[in-house]
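Before any comments, here is the structure.
Below, chains carry the letters A, B, ... as their sequence lines are ordered, and counting in each starts from 1. Computation of the quantities below employed the complete heavy-atom set of this structure, encompassing side-chain atoms and omitting hydrogens, waters and symmetry-equivalent molecules.
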Number of protein chains: 2
Amino acid sequence: MTPLSTTPPTLADVAELAGVSRQTVSNAVNNPDLLRSDTLARVQDAIEALGYSPNRAARNLRTRASHLIGMRIGPAQEGTANATMDRFVHSLVETSREAGYHVLLFAGSSEDPIAGYEDLLRSTAVDAFVVTDTYLGNPQAVWLEQRRAPFVAFGRPWDHPDARHPWVDVDGAAGTDLATTHLLDRGHQRIAWIGWRKDSRIGEDRRAGWSRALHARGLPTTGLASRVEDTVASGREASAVLLDEAQPTAFVCASDTLAMGVLHTFRDRGITAGREMSVVGFDDSQVAQVVPFGLTSVRQPLEDVAVEIVKALEGLLAHPPTIATSTLLVPTLALRGSS
Amino acid sequence: MTPLSTTPPTLADVAELAGVSRQTVSNAVNNPDLLRSDTLARVQDAIEALGYSPNRAARNLRTRASHLIGMRIGPAQEGTANATMDRFVHSLVETSREAGYHVLLFAGSSEDPIAGYEDLLRSTAVDAFVVTDTYLGNPQAVWLEQRRAPFVAFGRPWDHPDARHPWVDVDGAAGTDLATTHLLDRGHQRIAWIGWRKDSRIGEDRRAGWSRALHARGLPTTGLASRVEDTVASGREASAVLLDEAQPTAFVCASDTLAMGVLHTFRDRGITAGREMSVVGFDDSQVAQVVPFGLTSVRQPLEDVAVEIVKALEGLLAHPPTIATSTLLVPTLALRGSS
DNA sequence: TGGTGTCATTGGATCGATCAAGACGATCCC
DNA sequence: GGGATCGTCTTGATCGATCCAATGACACCA
């Protein structure tokens, strides 16, 4: 009696065909070096012939591991140039594949950032999480840590310096320093900053890089900074005000979204972005890449972030777990026509 | 002997606490109406008290279902404005959550579009797939159909009209018709087309909407169309040539990427996009939304696409499976400053 | 009184893999 | 030569849920 053609072959099927026991087939898959080479070959032939792959549910049940990494994904942000998460998801999926993991996406309601995590954790659906939106005051990280759930954060635990979880982040200050220094090298003296409101730790970090670079050359920052919401309209207004009140010749922005606002103002006033009047954004979004003549932008090394995160995850999930070291990566500057 | 605090509670734990059998707890979770109301309440209290969630691996093993939907995700396309997939992923994740499904992302090598599908299918890791890149001649769909694997395609089976799998698509021709008619209503007479090479079925579909709209008003299309690669540079070159040779006053493009190329040419020539000289893109990307004064663009109803796809998936996975009807959705036009 | 039916609940088998322990023969060493 | 050791392979138990068949309790009706 052959099994229904719709039923995938099992260990037992392979074992019967190869004339060995189930355990031997299991070893052929998981510990090939335990088998004599001729038996191994015979089993592998049988596996090939039947097109066998271990049933994931059964394996997960027994080994108490799913080889899935959970990641919450919020709704797409329309009207902004924020594409960091999307590029990161791509990188993470590809990197974790090499480590034998798949990525499980789940939706999160902004009202209850814990929901979703709770469920997946209880039902042992994922082995670990990647937590991305740590800038929101980071309740997930705190909660997951209490729960002793394995996770790696993309983003530093700003408000919890005693946090014990591994994290990977990009040095925002280094990025804006890079951008500002680039403008200084181009001869600019009065370089303005348009960033986020003061309660954003990331925003303050990026701002610090700008002021650090200016101070390093003995230049003042007074009156050259503006803190607004992360929208194109805010960037437009802020740049208009700064142009009138502080006469900068260049802008460094905390995001491409804000930088687009600056380009908007330039257009309002017939200014052409370039060597004379420059703008630098942050994130190297598609917008920066395709806007006419291009927007110079700080580019986060998201591929490297993914690699480091997966490394940390592998450490966490190893037996015994490795104390993962946290990593701070340095961004680069994508030079384009706007500077 | 209490279980280790790190081990999640099981059915048996709940059963013991509630003083009922395992099966009764299982029923309380899956068929609550089978229980007497007082027993149900008692079991639910126990579940609550222990923080119990059914172990997914065990459930998957027994029910032969994972409640996971697999979706292949290619590498991010840099240098273009193509963000359809990202917006769609967001929508799909949120919609499938409501149906009790999670989304499993996996990476695909462009050389072997089947790899990944094969593995997940054999190991019964996912219940079904969502296939998105059907424009590539669609080898996955053919292969999955042969395999009798449940899947829904986002995109019509252009080259396989006899395909039996359910699909959901957006009427590209309707979108470009909408865009062209909008321009005609604004008084334009000579409206150019910049689209993709002829081997793209989607491109030809979108092109058809443009020519249909012009012909409906008795206007000629001769010399007004150009077919190029989907890059900003190509759009820029094509629009420059068209301006010189055909004197159009408006452009309809197969993508926002190409439309950005047109804006590039405008900028080269000191033309301001607006009522006089108009451009319309396709996809309503973030680029279209934040570029100064905005790019009018055809917007695919991706949220609705996700809803329809999940509906079709639920049908496929129901017992017995429902013959899912395929759906063609109509896009809308996001009006902005460029027209 | 006893048969029939319904309702609520139970116990054992099962999904397909891995773990733990043991069987078997060959080899080695004192 | 006998016991220990190693390499190779096998058997039975197990992970935690659901499926299936069966049980007991109870009401109904002839």
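- Screening residues 87-107 of chain B for salt bridge (Lys or Arg N to Asp or Glu O under 4.0 Å), with sequence neighbours left out, gives A:Glu78-B:Arg87, B:Arg87-B:Glu303.
- Remark: A:Tyr117 engages A:Phe106, A:Phe129 in a ring-ring contact (aromatic ring centres under 6.0 Å, His included) (not counting sequence neighbours).
- For residues 35-53 of chain A, the set of pairs meeting the salt bridge (Lys or Arg N to Asp or Glu O under 4.0 Å) definition, not counting sequence neighbours, comprises A:Arg36-A:Asp38.
- Taken to the nearest 0.5 Å, the CG atom of A:Asp159 stands 5.0 Å off from the CZ atom of A:Arg201.
- Using a 4.5 Å cut-off on side-chain heavy atoms (C-beta onward), B:His165 and B:Leu144 make no contact.
- For A:Asn31, the side-chain hydrogen bond (donor to acceptor under 3.5 Å, both in side chains) criterion is met by no residue, not counting sequence neighbours.
- A heavy atom closer than 4.0 Å to some atom of DNA chain C occurs in B:Leu61, B:Arg62, B:Arg64, these being the qualifying members of residues 48-65 of chain B.
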Show every donor-acceptor pair shorter than 3.5 Å between a side-chain atom in residues 50-59 of chain A and any protein atom, with sequence neighbours excluded, or say none if there are none.
unit_1: A:Asn55; atom_1: OD1; unit_2: A:Ala57; atom_2: N; d: 2.8
unit_1: A:Asn55; atom_1: OD1; unit_2: A:Ala58; atom_2: N; d: 3.0
unit_1: A:Asn55; atom_1: ND2; unit_2: B:Thr124; atom_2: OG1; d: 3.3
unit_1: A:Arg56; atom_1: NH1; unit_2: B:Ser123; atom_2: OG; d: 2.9
unit_1: A:Arg59; atom_1: NH2; unit_2: A:Asn30; atom_2: OD1; d: 3.1

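- No side-chain heavy atom of B:Leu68 sits under 4.5 Å from any side-chain heavy atom of B:Leu120.
- Contacts classified as salt bridge (Lys or Arg N to Asp or Glu O under 4.0 Å) and involving residues 310-329 of chain B (residues at least two apart or in different chains) are given here: B:Glu308-B:Lys311.
- Of all nucleotides in DNA chain C having an atom under 4.0 Å from a heavy atom of chain B, the first and last in 5' to 3' order are C:dA8 to C:dG16.
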Checklist line | Sugar-phosphate or base contact per nucleotide [nucleotides 5-10 of chain D; S, B, -; heavy atom under 4.0 Å] | finding: ---SSB
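- Side chains of A:Trp158 and A:Ile202 form a contact here, defined as non-hydrogen atoms less than 4.5 Å apart.
- Listed by residue number, the members of residues 118-125 of chain A with any heavy atom below 4.0 angstrom from DNA chain D form an empty set.
- Side-chain contact between A:Arg122 and A:Arg147 is present, with heavy atoms from C-beta onward closer than 4.5 Å.
- Helix bend of the helix from C:dT1-D:dA30 to C:dC30-D:dG1: the angle between its two end axes, each built from five pairs, comes to 60° after rounding to 10°.
- A 4.5 Å side-chain heavy-atom check between A:Leu316 and A:Pro321 finds every atom pair outside the cut-off.
- Exactly one residue among B:Ile73, B:Ile69, B:Leu104, B:Val93 makes a side chain to side chain contact (heavy atoms under 4.5 Å, CB included) with A:Leu105. That residue is B:Val93.
- Exactly one of A:Val43, A:Val14, A:Leu35 qualifies for a side chain to side chain contact (heavy atoms under 4.5 Å, CB included) with A:Val20. That residue is A:Val43.
- The ring-ring contact (aromatic ring centres under 6.0 Å, His included) check on B:His67 picks up B:Tyr101, with sequence neighbours excluded.
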